[in-house]
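Computed from a predicted model, the values in this text were never measured in an experiment. Whatever order the structure lists them in is the order used to number ligands and atoms, beginning at 1. These numbers come from the heavy atoms of this one structure, side chains and all, not from hydrogens, waters or symmetry mates.
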Amino acid sequence: MEAQVLIRVVPSYARGLPISPPPPRFELSAKPLFRSSPLRSTASRPAAASTEKPRASAIMEASGFDSEGREFKNAEEMWGEEIGKEGDVHKRKEWYRQGVGYWEGVEATADGVLGGYAHVNDADIKGSEAFLKMLLAERFPDGGRGRSLVALDCGSGIGRVTKNLLIRFFTEVDLLEPVSHFLEAARESLVPESGLAIENKTTNFFCVPLQEFTPDVGRYDVIWIQWCIGHLADDDFVSFFMRAKAGLKPGGLFVLKENIARSGFVLDKEDRSITRSDTYFKELFHRCGLHIFKSKVGIPTELLSMRWMNPGIR
Ligand code: SAH
């Protein structure tokens, strides 16, 4: 079933594309979501890599594409162009400036953060809720009810995931979001006056990007990372998780919900993010000293197939 690790609906890929009837398995979820025709044809190729288990060293050698259809022979070539060599601070800053700059131009609504696909919200939340319940039930015999649990919602956007899901399971939720008008919208909809139970509260609103964030040691039961890790370059991805590990309580968990490329990667030139393959993620987790504890392919809708990864600490 590894092969089903699929593709995608990242908000950014979905922008402006028409909703098509459900495609047949693989091609299907991918096809309507890519913007450019070269990528469409790539997406509909058979999933050749799916049956192979590439060696860790070979993983980063897989080729990838950008959203304009250009092929890169491997991730190193792509990153060399996008963020330059180590020490090229200017280029790296520019990568992150453009990523945040893209979102600064997006309206602070569910449709905005979901790339025009606000209607996937319910299915997204339902699927996440089932996954979270399963994790909490494994960790606590009482499913965590009645305990003081703390979560961090990373790249929270307008607080959609916190408001619809996390706030119901955690006593405190912190939000991290680099785009201030999103975070402001989140704060407005999450303050106690909004009618949410007073004992469940959002506590901290951090207006910083993940690559610059270091959590307080041992604060979180769950660090939830949804649809934002693609903005991080590989080395920042690894150092973020290394720092964030220290932010987990003993037995705490990361939950990563992300779109998965069939192989290699896809670079979105518009919002400066990349979608990584399953093996690409595994290689990065390996470098972080993390392993995937549980994963689940998300609720396929006509558009949407995604996967939760729950990297545990090795
Ligand atoms: N997780 C939210 C929002 C997804 S949209 C949800 O599921 O509703 C992607 C979010 O990633 C945007 O809010 C964007 O501002 C944020 N983002 C962009 N670059 C980021 C970075 N470097 N670090 C953290 N978040 C980032």
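Checked against F285 for a ring-ring contact (aromatic ring centres under 6.0 Å, His included), the options F293, F254, Y280, F237 give a single hit: F237.
For atom 4 (C) of ligand 1, the candidate residues are F206, W227, W224, W95; the nearest heavy-atom contact is made by W227. Taking all heavy atoms of G159, S273, G155 into account, the minimum distance to atom 3 (C) of ligand 1 is reached by G155. Of all the listed residues (G112, C154, G99, P178), P178 holds the heavy atom that lies closest to atom 26 (C) of ligand 1.
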Below 3.5 Å, can you tabulate the donor-acceptor pairs from side chains in residues 129-141 to any protein atom, sequence neighbours excluded?
unit_1	atom_1	unit_2	atom_2	d
E129	OE1	R168	NH1	3.3
E129	OE1	R168	NH2	2.9
E129	OE2	K133	NZ	3.4
E129	OE2	R168	NH1	3.3
E138	OE2	K294	NZ	3.1
R139	NE	G251	O	3.2
R139	NH1	D221	OD1	3.4
R139	NH2	D221	OD1	3.3
R139	NH2	P250	O	3.3

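Residue W103 has no N or O atom closer than 3.5 Å to an N or O atom of ligand 1. At under 3.5 Å, a nitrogen or oxygen of R160, whether backbone or side chain, sits near a nitrogen or oxygen of ligand 1. Residue-to-ligand polar distances keep D153 apart from ligand 1: every N/O pair is separated by 3.5 Å or more. The N/O atoms of V179, backbone and side chain alike, include none that comes under 3.5 Å of an N/O atom in ligand 1.
Numbered from 1 in the order shown, with element, the atoms of ligand 1 that lie under 4.0 Å from a heavy atom of P209 read 21 (C), 22 (N), 23 (N). Contact atoms of ligand 1 toward V161: 7 (O) (distance under 4.0 Å to a heavy atom of the residue). Less than 4.0 angstrom separates some heavy atom of V113 from each of these atoms of ligand 1: 5 (S), 8 (O). Close approach of ligand 1 to S156 (heavy-atom distance below 4.0 Å) involves ligand atoms 2 (C).
Under 4.0 Å is where a charged nitrogen must lie from a carboxylate oxygen, and between R92 and D235 at least one such pair does. Salt-bridge formation is not detected for the pair E76/K85: no Lys NZ or Arg NE/NH1/NH2 atom is positioned less than 4.0 Å from an Asp or Glu carboxylate oxygen.
At least one cation-pi condition fails for R276 and F265: the charged atom is not both under 6.0 angstrom from the six-membered ring centre and inside a 45 degree cone around its axis.
Using modelled atom types, one finds no donor on one side chain facing an acceptor on the other under 3.5 Å when comparing Y102 with D268. In this model, a donor atom of one side chain and an acceptor atom of the other lie less than 3.5 Å apart for S273 and D271. Between the side chains of H231 and W103, a donor-acceptor pair is found at a separation under 3.5 Å.
Using a 4.0 Å cutoff on heavy atoms, L232 counts as a contact of ligand 1.
Remark: aromatic rings of F213 and F206 are close, center separation under 6.0 Å.
Heavy atoms of I158 found under 4.0 angstrom from ligand 1: none, in either backbone or side chain.
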